[in-house]
Amino acid sequence: MIEEKMKKVNKYILYGYLIYIAFILCYFYVFTNPSIPVTLKGTVMDPSTFMNKKQLEISTTYSTIKNVIYFISLPFDWFVFLWIISSGFAKRTGERLEKLTKFRSIQILLFFFFVSISTYLVTYPVDVIRFFLSKHYHINTQTFPSWMKDQVIDFWVNFIIMYLVVYVVLWLMKKRPKRWWFTVWLLSIPFTVFLTFIQPVVIDPLYNQFYPLKDKALEKEIMTLAHKANIPAKRVYEVDMSTKTTTYNAYVTGIGNNARIVLWDTTINGLKDDEILFIMAHEMSHYIKKDIYTSMFGGIAGSLIGLYLIDWLIRRVYKNRNAYEKVTMVHLTLFLLFSSLLSFAATPIENAISRHAEKVADLYAVKLTKDPEAGVTAFQKLTENSLTQVNPPGLVKFFRYDHPTMLERITYIENAVPQKK
């Protein structure tokens, strides 16, 4: 029985997790050093040249606590999935739901809702700690009710999307047990494209208000810059993030006619116009080089490999003997568990690809604006404002950074040509 196999490994998982916690604590509080190389002391890369001693101490403390919380809480979802299987809950509940209703869609809906609520409740205390931590360090300006509203929206958006996914997956496991993973992949292609299209116009506005850039003088400068890059500047939006955070950001999202270049209002209020133009030039690079398409098609290609591996892992669990003879809620839980594990395993690869695209965008911004100093000061202000470490530990960069570190970004700009005369 799969439940008995899981019970045997549970205690080893617990011991392994305790060792893992000890390693994480030692790594961040004993073995890592946030300082920059001695050769860079006193240069524009040195945070002590644009941050005071207190800010440096707070930055290190805040970043370390955030990273420790992230890595320690990382396996929580996996533990929930393992418990649901090893306790026999998935099997028993599936059998009860079959007696309760003959409609498979309702059975899956009820079971998946329980799983979703369980993982949410287990991770909720950690999310609350993160919220108040960011409030304590004046990063988050959001009220708790407003934050809870976003949490509820996030839960239901993810639940609806994932319910559609798991329902189709289980249906195909039953109908096409040998090639269900490939059929799911084929169906995921238009689904992924559709979500990419609707995100900026349907999903994103659920969380924030988007409106045309208010500063018309700045808008004119951005349009001039966009004209130089052969980009229509009609899709520049401002979003009211000051009600939630003090940090700066800008990004490009959507594809085709729904593509948007977005500026947070905190960025507009906190940076000078030349610094904002550098940031906008960076985002224009993503637009020109079709990075959204690259990300979308890369995700589609990655999902093919991921689905194949999930099928392989499920067959291994059942020792390839009639793995899909009776598709149950255990299969659903295994699918969620393996999906989460493989998604995490793929993170370093995705981050590395993203960091390369961000480097290209930084260099493009230097070329387009011919103002590397604006880029340097913008990144210095972003570092100071968000309490970001200039030179974070390697483990953090490997698993958490989809942008180059600030040390790397400022170095790229400093070494880029042409330099401003």
Side-chain angles (χ1 to χ4, degrees), residues 70 74 77-78 81 112 116 119 154-170 172-173 179-204 206-207 235 249-262 282-314 332 334-361 397-404:
Y70 168 80
L74 182 65
D77 284 357
W78 308 337
F81 298 143
F112 183 61
S116 299
T119 53
D154 195 51
F155 173 85
W156 284 109
V157 168
N158 289 328
F159 175 79
I160 292 169
I161 293 174
M162 280 304 300
Y163 167 69
L164 295 174
V165 171
V166 296
Y167 176 79
V168 172
V169 166
L170 262 64
L172 287 171
M173 281 181 178
R179 289 290 181 268
W180 68 266
W181 58 272
F182 187 73
T183 307
V184 168
W185 177 73
L186 290 176
L187 292 174
S188 74
I189 296 174
F191 186 70
T192 301
V193 174
F194 175 70
L195 285 180
T196 306
F197 265 107
I198 70 168
Q199 179 182 330
V201 293
V202 176
I203 298 177
D204 289 351
L206 294 174
Y207 300 91
R235 295 288 175 177
N249 196 16
Y251 60 91
V252 59
T253 185
I255 58 177
N257 293 330
N258 290 331
R260 291 183 177 185
I261 297 176
V262 179
H282 171 102
E283 297 305 326
M284 288 175 188
S285 173
H286 291 309
Y287 189 95
I288 291 171
K289 298 183 182 302
K290 312 295 183 185
D291 287 339
I292 292 180
Y293 290 90
T294 301
S295 176
M296 182 178 67
F297 289 117
I300 290 172
S303 67
L304 175 62
I305 299 172
L307 287 166
Y308 170 80
L309 290 174
I310 290 172
D311 175 62
W312 181 82
L313 288 167
I314 290 176
L332 187 157
L334 285 172
F335 175 80
L336 294 173
L337 172 63
F338 293 144
S339 295
S340 182
L341 288 169
L342 291 173
S343 177
F344 173 71
T347 299
I349 299 174
E350 295 170 357
N351 285 346
I353 295 171
S354 177
R355 286 195 298 268
H356 174 73
E358 297 298 335
K359 176 183 177 180
V360 170
K397 176 183 174 181
F398 191 67
F399 283 107
R400 304 203 68 189
Y401 270 52
D402 56 5
H403 284 60

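Separation of atoms OG (Ser354) and CD1 (Ile349) is listed at 13.5 Å; rounding is to 0.5 Å. Taking CH2 from Trp156 and CD1 from Ile161, the interatomic distance works out to 13.5 Å, rounded to the nearest 0.5 Å. Between atom CG of residue Asp311 and atom CZ of residue Arg179 there is a gap of 8.5 Å, rounded to the nearest 0.5 Å. Note: Ile292 CD1 to His286 NE2 = 9.0 Å, rounded to the nearest 0.5 Å. Taking CE of Met284 as the reference point, atom NE2 of His282 lies at 12.0 Å (rounded to 0.5 Å). Taking CG from Leu342 and CG from Leu337, the interatomic distance works out to 9.0 Å, rounded to the nearest 0.5 Å.
Taking both residues in full, the closest heavy atoms of Asn351 and Arg400 are given as ND2-N, 3.6 Å, listed atom of the first, atom of the second, then distance. Scanning all heavy atoms of the two residues, the minimum distance from Asn249 to Tyr251 falls at ND2-CD2, 4.2 Å. When all heavy atoms are compared, the tightest approach of Phe398 to Arg355 is O-NH1, 4.4 Å. Scanning all heavy atoms of the two residues, the minimum distance from Lys289 to Thr294 falls at O-OG1, 4.3 Å. The two residues Asp291 and Ala357 make their nearest non-hydrogen contact at OD2-CB, 4.0 Å. Shortest non-hydrogen contact noted between Ser340 and Trp78 is OG-NE1, 2.7 Å.
The backbone N or O of Ile300 sits less than 3.5 Å from a side-chain atom of Ser303, completing a donor-acceptor pair. At distances below 3.5 Å, not a single donor-acceptor pair connects side-chain atoms of Trp181 with backbone N or O atoms of Ile305. Side-chain atoms of Thr192 come within 3.5 Å of backbone atoms of Ser188 as a donor-acceptor pair (strictly under, hydrogens ignored).
In this structure, Leu170 and Phe335 have side chains that are not in contact, with every pair of non-hydrogen atoms separated by 4.5 Å or more. In this structure, Leu172 and Leu187 have side chains that are in contact, with non-hydrogen atoms separated by less than 4.5 Å. No side-chain heavy atom of Glu358 sits under 4.5 Å from any side-chain heavy atom of Asp402. In this structure, Leu341 and Phe81 have side chains that are not in contact, with every pair of non-hydrogen atoms separated by 4.5 Å or more. Using a 4.5 Å heavy-atom cutoff, the side chains of Trp180 and Ile310 are in contact.
Using the six-membered ring where Trp is involved, Trp185 and Phe182 have ring planes that are tilted, between 30° and 60° apart.
The ring pair (Phe, Tyr, Trp, His ring centres under 6.0 Å) test with Phe344 is passed by exactly one of Phe338, Phe399, Tyr70: Phe399.
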